[in-house]
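Predicted, not measured: the structure shown is a model, and the values here were computed from it.
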Amino acid sequence: MMNETASEASLVEMRGICKSFPGVQASDDINLRLERGEVLALLGENGAGKSTLMNILCGLYRQDSGDVFVRGIKADIRSPRDAADLGIGMVHQNFMLVDTMTVAENVVLGMPSLAFIPDMAAIRQSILELGERYNMTVDPDAYIWQLSVGEQQRVEILKQLYRKAEILVLDEPTAVLTPQESKELNAVVKRMQAEGKSAVFITHKMDEVIAFSDRVMVLRKGKVVAEKVTADTDPKDLARMMVGREILFRVEKAPFKPGAVVLELKDVCADDERGLPALRDLSLQLRTGEILGIAGVAGNGQRELSEVVTGLRPVKSGGISINCVDSTNKTPLQIIKSGVSHIPQDRIAVGAVGDMSVANNLAMKDYRSAPISKGIMLLPKRILEFARKMIGQFNITTPSPETRIKFLSGGNIQKTILAREIESCGSLLIAVYPSRGLDIGATESVRKELVAQRDTGKGVLLVSEDIDELLSVADTIAVLYDGRAVGVMPTEGADPEEIGLLMAGVQPSGKESNS
Amino acid sequence: MSFAFEKRKTVSKTAIVAVPIISFIVSLVLTGILLVAFGADPFSTFAAMFKGAFGSGRALTETLVKAIPLMLTGLGVALAFKLKFWNIGAEGQLTLAGVAASWVAIYWSPWLPEPLLLPTLILVGCAAGALWAGVPALLKTRLKVDETLVTLMLNYVAILISQFLYYGPWRDPKGFGFPGTQMFPREAWFPRIAGRAHIGLYLALVAAAVLWFVLNRTRWGFELKVIGNSPRAARYQGISVERNILLAVLLSGALCGLAGVGEVAGISRRLQQGLSLGYGYTAIIVAWMAQLNPIAIPFVAILMGGLLVGGDQVQMVMGLPSSMGLLMQGMMLFPMLAGSLFTEYRIKKITGTQARESARGGA
């Protein structure tokens, strides 16, 4: 029958998609199928290439090679508008809404079919109807700035439904939602599915894969490593596939001989930017000569942990002590002066000043004291001398000490920050994703430096998403989930799968944590 | 083949000098075209302008008279701009400082020991300028209120305060109804160097040198540089962003205030109508043309002062509107802003494959 052959073609098929960015193969020969009425989960760690793949489908990136077929016809998607014409709509992680406009205005904004003077009454009416049909009511006259994050997401979804999107791509939609809102979102997706619409769901959380999807595709480093029907899999299986087991080099290090306590957190609570709890009664202990690895999926309180320790974020309750001296809510300067160094998560915007020279960036901690300054005076010659010494010692590749740091490669920017922080380090080094995005050589030198600091008797707090890195470098591993330390174990004899499960919020006994 | 802008790895030293000079030439050409449209000969007009501004001892001192407040407000504005604090309230800070200095000169002089009068007058004037800049600085650092609007609005407040005073309670009773205060006592006058040019010139030059030193050779200057480039990075380095912005803006206001002190104590010797001829706004052009470099500011200020004085001459000699000088100032800012691109960027010719790559990198 004619109908049968037509429905044999998948709704979306991506064949042999390759896409590379300077230094990274973001998509490596990826094949993807999406059927009518199906919810597909794309699971993978940060940087696995999930968003890149979907940005190609939605016309934001262009693939280097490979083809996209929509409803069996080869599609040349060059812009989000091309994608919209094919019924593909994306809800981005960072919402693309205009704060000072109303919900109704945002929903129709940029639609090519919009009349010169839009019939706002009709638009409002259809928004209300859509809201009712999908059980997600939003006041069409409310301004975006008045809405909560969850409501703003509903507007984004309504926007796509209003445009009659058949294929909805959701990029980590639950990252910003409360558990209740996540459940509501799930209901909306199920309702769309019942109407024959399809969705692709980008996530790195196992429980969401189970709750939302029919089929799951696991990506790792730009490649598809597994494709399964969700019903045939379980969180443990998914965690293993997502993290992968590649044995990396082991870093040489001296035997573990911990000394006195350098850093202690007792029942620390803190909020994130949006005022929601990010750390919940977190207690940790780090000793001299120890690397304490913090494992966890990004967004479970890692950033906030490093910020409360370094005084960049207020502690709401609980206490932090550094070298047995209370440092709760001290200023960043006081904490720097007590010997704490910090390699921040955001290298370009926080760790370095892009428009200043490598030399000035290197001096950014030591400028307060001799030999770089004398009283209130700064000695530019000494800054250059100091910079030359650091550049040699840490093998920083730069045309000259006076080159602006933003022209260096990511690895060399990181080496510059590392050089500065290690040089000024007293007793505690906090490193947040220190090897993220670096090539193998730079990664290795960063790891070696961390171990060298530990071997000279400093305490190192290493936040990482890479379990291999933690297993090869850390002495003790603590898993952070939802702002809590859900497991603390010595690296010796630690089970990577167990860590993966803890990262996913699943207790190793198989029971899911009730969060 | 196509062309693209590429950011320079280091700031071009040639461009830093060349851009203002070329901008000046471009503005001459643009103004020339306008003069032709007015039916005037551009060459004789420019010659008249130059002669009017620099052609005689008197012309030169009058140019300096205008350059002094431009130097001081230019320095003040440049300091704030370095921190990306858009202080466009130099006019108000200058005016309020003039009011404060007049208050000291007229009402404190009867009891203040004579040698203390000038220093007190300067200090109180600067403090008033700092106070006027401190209001938007506090609002910005504490409540994140936009400083551009607040500094601009406070200009009108300061000007109206001064008008209220010299039309009302401070009006000279023997002034035949003329709006203005009485003449300051002689001890409160700024000594003059030549013509009407007063010691404010020395103060301005010293201020320029000190500001350069502070910004380039002290720890505080280094901190301000980090804050100006990246407040988040500054905070992470333990630098108190709010406190330092507040301090720097207070200093910025004090420098603008010093300009106002010079105007009342050095030129008019009383508080009256026309305290500022828009120096506080021209200061923005001065600061940008000098690329926020304190050493360049005095030179640019003299050039701008020359345009003001030369413009007046053009009116008298050529019968053209004196606003021709102001027009040229404006004409200079546009090529300057456009040209400043070249200190940071250079033009690169790119071939087909590179074009595709850069397009891809930008995606």
Revision key, fill the gap. Checked B:Phe222, B:Trp220, B:Phe213 vs chain A; the most non-hydrogen pairs under 4.5 Å come from B:Phe222
Check your understanding: Where on A:Ser373 is there a heavy atom nearer than 4.5 Å to chain B: the side chain, the backbone, both, or neither?
Key -> side chain
Exercise for review: Name the member of A:Lys365, A:Lys337, A:Gln334 that forms the most heavy-atom pairs with chain B at distances under 4.5 Å.
Suggested key: A:Lys365
Exercise for review: Please look at A:Asn360 and chain B and tell me whether the side chain, the backbone, both or neither of the residue comes under 4.5 angstrom of a heavy atom of that chain.
Suggested key: both
**Study point:** Largest heavy-atom contact set with chain B, pairs under 4.5 Å, which of A:Ile376, A:Leu379, A:Asn55
**Key:** A:Ile376
**Study point:** Between B:Trp86 and B:Asp146: side-chain donor-acceptor atoms closer than 3.5 Å
**Key:** no
Study note, to complete from the structure: Whatever's closer than 4.5 Å to a heavy atom in chain B on A:Arg420 counts as side chain
Point to revise | Chi angles and distances behind the side chain to side chain donor-acceptor pair (under 3.5 Å) call for B:Gln93, B:Asn87 | key: CA-CA 10 Å; B:Gln93 289 142 27; B:Asn87 176 14; 3.1 Å; yes
Check your understanding: Any luck finding a side-chain donor-acceptor pair between A:Thr416 and A:Asn361 under 3.5 Å?
Key -> no
Exercise for review: Could you tell me how the ring of B:Trp288 sits relative to the ring of B:Phe81: parallel (under 30°), tilted (30 to 60°) or perpendicular (over 60°)?
Suggested key: tilted
Point to revise | Interchain contact, A:Leu312 with chain B, by part (heavy-atom threshold 4.5 Å) | key: both
Revision key, fill the gap. One should read off an interatomic distance between A:Asp76 CG and A:Arg62 CZ, to the nearest 0.5 angstrom, of 4.5 Å
Practice item. Establish, for the pair B:Lys225 and A:Tyr367, whether the NZ or CZ atom is under 6.0 angstrom from the six-membered ring centre and no further than 45 degrees off its axis. Key: no
Practice item. Using non-hydrogen atoms and a 4.5 Å limit, figure out which bit of A:Met377 sits close to chain B: side chain, backbone, both or neither. Key: both
Exercise for review: Select, from A:Gly375, A:Ser357, A:Ala363, the one with the greatest count of heavy-atom pairs under 4.5 Å involving chain B.
Suggested key: A:Gly375
Review point. Where do B:Leu215 and B:Pro294 come nearest, in terms of heavy atoms and distance?
Key: CD1-CG, 4.0 Å
